[in-house]
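Shown next, in structure tokens, is the structure this report addresses.
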Amino acid sequence: MLRRKAFNLLKAIHLMAGQPNLAYKGIHPVIASHGHRPHRSVAYRQRYKTGAGSAGGRTLSAPQTKAMSEQELPGLLILDIGGTYGVQENIVALLKKHFCLITMKEFLENKKEMSKKIQSVFVFECRPTVDQELLESLPNLKVIGNSGVGVDHLNLKMISNFGVKVTNTPHAVADSTADIGMALMLASARRLVEGSQIAISPHTKYFAVDWLGVEVSRATLGIIGMGRIGYKVAQRARAFDMKILYHNRKQRRKEEELAVGAHYCEKMEDLLQQSDFVMLVVNLTPETHKMIGKKELGLMKPTATLINIGRGALIDQDSLVEALQNNIIRAAALDVTYPEPLPRDHPLLKLNNIIITPHIGTATVQAVQMMAEEAIANMLAVLNGQPIPSEVFPK
Ligand SMILES: O=C(O)[C@H](O)CO
């Protein structure tokens, strides 16, 4: 009763302020509140410079206040809670503040009733689970909130044909993904994994001189894809006095160039020929699919290292195996492969000049929390008819 009164009061305030009261126009049952903002993590506020002291910073729409009973909250289908790649409890709790959560199991058990309630789908990182059948069974779906920046697992055209919007979380992922790029570069350069194996093996006598690494400091780093993450990599590389080259397929980034002292290579071939470390920070699209193959690997220095923090299919893996086996390049360090994980008998796993991590670019406590917060802000913006902070459009 009290909640209803509060709702009516807010409705009156909205009308007086000339705000379209979407909740009562039957578009969706969410209050477009401008009152109290729910708690957001310090890391989120610092990263997006939201809240007090945000002058000059980027401000995302605030997640809306919970002012309705759970049943009245918009229905959100979480694809597949639980399991190794499940959504963590704290993320579930966060989502529950703004949505009535529906698990896949609940949905499948009572499709007819559940399907009408669902207005949003939360995709945790890159699960390829939104297919035509699911879209057909969700008549009131408005938005798919992808937690993560890459959306190559979603068929954007098909989703858009259903009148459904897709959003992603480019801000939340940037630091953690840039960090993993640096970590892979350093680990490969200094042969950290081999070193660790030697150190923990009780039987190995070793002399460091037998397995010297190379230095990252003052080396040349070629960044393919100077977007938000690429730029964060460049900022970090600067602290190592690296010479920074970059190549973008579409757009030269003069402002970023100046800020980090990077040099633009119009031709990717030039970057490949000159770099000691080549880092791929590119979205996977039909244009970038297998952009690094035999020819490109052949252009790299025999002393160079290839690092991939984008998507596995940016590299032709057969050619990479060949290049690593024949010392065409020194080493590779991959956070992404195809498929993920690689089959245990894959030739890449038999090489000793490679480091592979299991797609952990955003696997930090902070990034996962911020991705959920950014996804929530996006989804609520769609449901509230407000400007959407990060919408992804089909090409
Ligand atoms: O795309 C991203 O943000 C990461 O790779 C997580 O999927």
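Both counts, for ligands and for their atoms, begin at 1 and track the order of listing.
Look at Glu266 and Arg252 and you find no salt bridge, because none of the NZ, NE, NH1 or NH2 atoms lies under 4.0 Å from a carboxylate O. Using a 4.0 Å cut-off between charged nitrogen and carboxylate oxygen, Glu215 and Arg218 count as a salt-bridge pair. A salt bridge does not link Asp276 to Lys243: none of the charged nitrogens lies less than 4.0 Å from a carboxylate oxygen.
Below 3.5 Å of separation, one finds no N or O of Thr362 facing any N or O of ligand 1. Close N/O approach between Gly150 and ligand 1 is found [any backbone or side-chain N/O within under 3.5 Å]. Residue-to-ligand polar distances place Val149 within reach of ligand 1: an N/O pair is separated by less than 3.5 Å.
Cluster membership for Leu351 and Ile315, using ILVMFWY side-chain heavy atoms within less than 4.5 angstrom, is shared.
The side chain of Val173, and not its backbone, has at least one atom closer than 4.0 Å to an atom of ligand 1 (non-hydrogen atoms only; side chain from C-beta on). At a heavy-atom cutoff of 4.0 Å, ligand 1 is contacted by no atom of Met371, backbone or side chain.
The His359 neighbourhood of ligand 1 comprises atoms 4 (C), 5 (O), 6 (C), 7 (O), with distances under 4.0 Å to a heavy atom of that residue.
Atom CD1 of Ile388 is separated from atom CE of Met379 by 12.5 Å, given to the nearest 0.5 angstrom.
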